[in-house]
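Keep in mind that this is a model prediction, so the values were computed, not measured. What you see below is based on every heavy atom in this structure, not just the backbone, and it leaves out hydrogens, waters and symmetry mates.
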Amino acid sequence: MDEAIGVIMLVGVLLLAGTAVIVLVAFAFSRMPIDTKYESAGAGLGGAFDAVWSPTAHEAGMERDRQTQRTAPAPSPGDPPDALGDGRIRIDI
């Protein structure tokens, strides 16, 4: 009986320690500035923690990614070449 209680206590302590580590990593990651948060190779793992514990920061990071990957629209074949005016190049987005 004493062995069973010892095993149950050991498993409980290990589960508690594992949970504490996950919570501490998530807390530390949610406090990082958004600019540095997604630069490393582990950004995918951190994004999962962000989606759960800090959904606003996760949505802001997704929006930032969408805006940096957006391309300028290509001109239509019938558009006049009026992008040059007064010797300056003008790009309409």
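Under a 4.5 Å side-chain heavy-atom cut-off, the cluster of Ile, Leu, Val, Met, Phe, Trp and Tyr residues that includes Leu10 is completed by Leu14. The hydrophobic cluster of Val13 has no other members, since no ILVMFWY side-chain heavy atom comes under 4.5 Å of it.
Residues satisfying the side-chain hydrogen bond (donor to acceptor under 3.5 Å, both in side chains) criterion with Glu63, sequence neighbours excluded, are Arg66, Gln67.
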